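For reference, the structure is listed below as C-alpha cells.
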Amino acid sequence: MITPTASDAHISNVGWRFDNTYVRLPDVCFAMAKPATVERPQVSILNHRLAKELGLDLTAMSPETAAALFAGQVLPDGTQPIAQAYAGHQFGVFTMLGDGRAILLGEHRTPHGRLVDIQLKGAGRTQFSRGGDGRAALGPMLREYVISEAMSALGIPTTRSLAVVTTGESVYRTSELKGAVLTRVAASHIRVGTFQYLAARRDEPSLRVLADFAIDRHYPELAEAPRKYFDFLRAVADRQASLIAQWQLVGFIHGVMNTDNMAISGETIDYGPCAFMNIYSPATVFSSIDHAGRYAYGNQPAIAQWNLARFAETLLPLLDPDQEKAIAIALEVLGEFSAMFERYSLAGMRKKLGLQTNEAEDVEIIQSLLDWMQKSKADFTNTFRDLSSEELPVGDRYLDPEFQTWHARWQQRLDRDGLPSTSIYATMRAVNPAVIPRNHRVEEALSAAEDAEDLSVLHRLLAVLSSPYEVSAETAPYQAPPPDDRNYRTFCGT
Ligand code: AMP
Ligand code: MG
C-alpha cells in the first residue's frame, strides 16, 4: 500500500476547493463511504486539459501521488466521501439501488464558480453494494474515459473523465481483469432514480428538499417561479429532448437508458455498453444484454419519454395536492415531449444538411436521405461528411440514381436559401464530425492498454477525437468504418 508522506501537501495544494452541498440533504439521500485500500495504484491516464478547466494543476504531482489521489488512498482537504442513494427501472424493472461501486468525494468549485461532483468509480464497496464487489475493471473505465471525452469534444453535454488509475488488484468477472478506478466529473449525479428512491419510500418532505436542491443547482432561473415544480419537470424534459436529439445526430447509442442512468442535469451519464452506429439503421443495438432492442438507436426518444413519465410520477405530490390535478399537469408536460424532441431533431438535421431557413419540404428531404442510407447500407457519419464538401461525393454508392435524384433536389433546396456555397459547406463541416469513436478503434486502443500496457494507441485515438470536425493526415485511418460490425457486442462491464 502507498503511504504518501511529504507529497500529501500537494494533494490539497493542486487547487481543490471543496464545497459539499449534497451532504446537507436529508440523511436518507446518502451513506458515508470510504474508498477501499488498494494494493498498488498506478496512473493509467490523466486528463490535464480537463484538470486545467477545473482549476487544478496536476503537473507538479509525482505519478505516485496522483495514483494515490485518484485511487482514493489519500483524500484532499474538504472531501466528505459518500455513496448516493437512488433507485431505478432497469430494463423496465424497478429496483432500489444506490452507488454500489462509486464514491462521491465531494463537490469542487471551479474557477468559473461552477460546482462539480468529483466521483471515484470502482473505489470499493459501499452500503449499497448488495452482492457486488464495488470494483471496476480497466477496460470499461478507459472506455468511459474515451467516449465521454469524445462526446464532450463533439459538443454534447456529458460527464467528464479526469483520471483512470489501476489498482494493482484483480477483479473477477467472466475472467480475471485488471482493477481500476475512474474519476468522473459531473454537473451532479442526481438521476431520475434519485427521485424514485425517495418516492418509493413515500418520503415527501425529502423529495421536496431534493427537488429544490436540483432546481438550485441545475435550473436556478426557476427557483422563484410560481409553478416551479411544473417548470422543473418541463425543463428536465426539454434538456432530455435536446440531449437525445444530439445523440441521434451523431449516431450515438447509449445502450442502457435505465432511469438510474438519466441525469437531471441533462448530461450524458454512465457509459456502459454505449457505441456509435456505423451503417444507418434505427434498429441498431450493440449491447449484449439488450435482446429486445429496448435501447436501440431509434427507440431512444421514446425511452426518454418513458423515463420522464417515471420522473413525473415522483413529482406528483409537488405538482398539486389533488392527485387528479397533479396527473393532468404531468400529462400536459409529457405530451409536449415529442414536439420538443422533433424540434431539436429537425433543427439539428437542417444544420447537418446546411439548410439555413425552414421549409415544410425539409422533413421529407431529410427522411428520404435517411431511407436511402438505410437501404444502401451507407455509413451514417461518413455520408453526412461526404455531403459537407463542395465537390460531389465520391464512391460507387453515390452513383445510385435514387441518390442522384435526392442530391439534385437537395441542391435546389440549398439554392433557394441563396447562400454562397463556401459558407454552406463550412457550416456543415462544423456540425458533421469526420471522426467518431469507431467501435473497432476503441477496442483496439483498449486491448493495447489492457493486454500490453501500451497506452500509445489510446493517446493517438484521444488526440483525433479531441477535434472531431477537423480532417488531417492523422484522421484518415480513424474515418473508415469497420468492414462488418453486425456481430459487434458491447458489455456493461459490471
Ligand atoms: P450500472 O450498470 O453501472 O449503471 O450500475 C447499476 C447499479 O449496479 C448501480 O447501483 C451500481 O452501483 C451497481 N453496481 C454495478 N457494478 C457493481 C459492482 N461491481 N459492485 C457493486 N455494485 C455495482
Ligand atoms: Mg448506472
Side-chain angles (χ1 to χ4, degrees), residues 28-31 33-36 38 72 81-105 117 119-145 147-148 158-159 161 164 167 169-184 186-198 200 253-265 267-275 286-290 294-295 303-304 307 310-311 489-494:
V28 292
C29 295
F30 60 91
K34 191 175 170 298
V38 298
I82 57 167
Q84 293 175 315
Y86 55 86
H89 276 92
Q90 302 184 299
F91 288 89
V93 180
F94 184 77
T95 317
M96 296 297 258
L97 298 162
D99 287 328
R101 58 160 175 172
I103 294 178
L104 179 68
L105 289 185
D117 279 8
Q119 191 203 60
L120 301 182
K121 189 168 173 180
R125 287 180 52 79
T126 73
Q127 198 173 298
F128 305 107
S129 296
R130 299 173 290 164
D133 62 2
R135 303 303 179 108
L138 178 61
M141 294 306 102
L142 287 176
R143 195 160 200 286
E144 170 153 349
Y145 187 108
I147 305 206
S148 63
T158 176
T159 62
S161 299
V164 175
T167 58
E169 296 178 4
S170 295
V171 296
Y172 300 90
R173 300 293 181 256
T174 44
S175 59
E176 182 177 347
L177 300 167
K178 288 189 181 115
V181 178
L182 167 82
T183 302
R184 178 155 74 180
S188 87
H189 285 82
I190 306 169
R191 308 141 190 271
V192 166
T194 316
F195 284 84
Q196 288 183 292
Y197 183 83
L198 296 174
I253 306 165
H254 183 285
V256 59
M257 286 176 69
N258 295 335
T259 56
D260 52 304
N261 292 339
M262 184 185 263
I264 297 302
S265 66
E267 286 184 340
T268 311
I269 192 171
D270 257 358
Y271 292 86
C274 58
F286 292 115
S287 167
S288 60
I289 54 170
D290 191 2
R294 180 182 171 91
Y295 301 136
I303 284 293
N307 289 349
R310 306 290 78 76
F311 179 51
R489 287 289 167 271
T490 54
F491 300 88
C492 265
T494 52

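This one's a predicted model, so the numbers in the text were calculated from it and none came from an experiment. All ligand and atom numbering here is 1-based and tracks the order in the structure.
For the pair Gly134 and ligand 1, the shortest N or O to N or O distance falls below 3.5 Å. Note: an N/O pair closer than 3.5 Å links Asp133 and ligand 1 by distance alone. Between Gly100 and ligand 1, a contact under 3.5 Å exists for at least one N or O pair. Close N/O approach between Asp270 and ligand 1 is found [any backbone or side-chain N/O within under 3.5 Å].
In this structure, the side chains of Phe195 and Ile264 come closer than 4.5 Å at one or more pairs of heavy atoms. Using a 4.5 Å heavy-atom cutoff, the side chains of Asp260 and Gln196 are not in contact. By the 4.5 Å heavy-atom criterion applied to side chains, Arg135 and Val38 are counted as neighbours. The shortest side-chain heavy-atom distance between Ile269 and Arg184 falls under the 4.5 Å cut-off. Residues Lys121 and Thr159 fail the side-chain proximity criterion, which asks for heavy atoms closer than 4.5 Å.
At least one heavy atom of Tyr86 sits closer than 4.0 Å to an atom of ligand 1. The shell of residues lying under 4.0 angstrom from ligand 1, judged by heavy atoms, includes Gly98. Taking 4.0 Å as the cut-off, Arg125 does not count as a neighbour of ligand 1 on heavy-atom distance. At least one heavy atom of Arg173 sits closer than 4.0 Å to an atom of ligand 1.
Less than 4.0 angstrom separates some heavy atom of Arg135 from each of these atoms of ligand 1: 19 (N). Under a 4.0 Å criterion applied to the non-hydrogen atoms of Asp99, ligand 1 contributes the atoms 12 (O). Near Leu97, meaning under 4.0 Å from one of its heavy atoms, ligand 1 places the atoms 10 (O). Which parts of ligand 1 touch Gln90 is read off a 4.0 Å heavy-atom cut-off, strictly below it: atoms 6 (C). Atoms of ligand 1 found under 4.0 Å from any heavy atom of Gly132, numbered from 1 in the order shown, are 20 (N), 21 (C). Taking every non-hydrogen atom of Asn261 and a distance limit under 4.0 Å, the qualifying atoms of ligand 1 come out as 4 (O). Every atom of ligand 1 is numbered from 1 in the order shown, and the set under 4.0 Å from a heavy atom of Ser129 is 21 (C), 22 (N).
Remark: Asp133 engages Arg173 in a salt bridge, criterion side-chain N to carboxylate O under 4.0 Å.
Annotation: Phe91 is in aromatic contact with Tyr295 [ring centroid separation under 6.0 Å].
Ring geometry, Phe128 versus Tyr197: the interplanar angle exceeds 60°, so the pair is classed perpendicular (tilted spans 30 to 60°).
Rounding to the nearest 0.5 Å gives a distance of 5.0 Å between CG of Leu104 and CD1 of Ile82. Rounding to the nearest 0.5 Å gives a distance of 10.5 Å between CD of Glu267 and OG of Ser148.
Below the 2.8 Å limit, the Mg ion (ligand 2) has as protein N, O or S neighbours Asn261 OD1, Asp270 OD2.
Shown here for Thr126 and Ala33, the closest heavy-atom pair between the two residues is CG2-CB, 4.4 Å. Scanning all heavy atoms of the two residues, the minimum distance from Leu138 to Val164 falls at CD1-CG1, 3.8 Å.
Distance alone, capped at 3.5 Å, is enough to place a donor-acceptor pair between the Arg125 side chain and the Gly132 backbone. Of the possible donor and acceptor atoms, one in the side chain of Asp99 sits under 3.5 Å from a partner among the backbone N and O of Gln84.
When Lys121, Met96, Arg101 are ranked by how near their heavy atoms come to atom 23 (C) of ligand 1, first place goes to Arg101.
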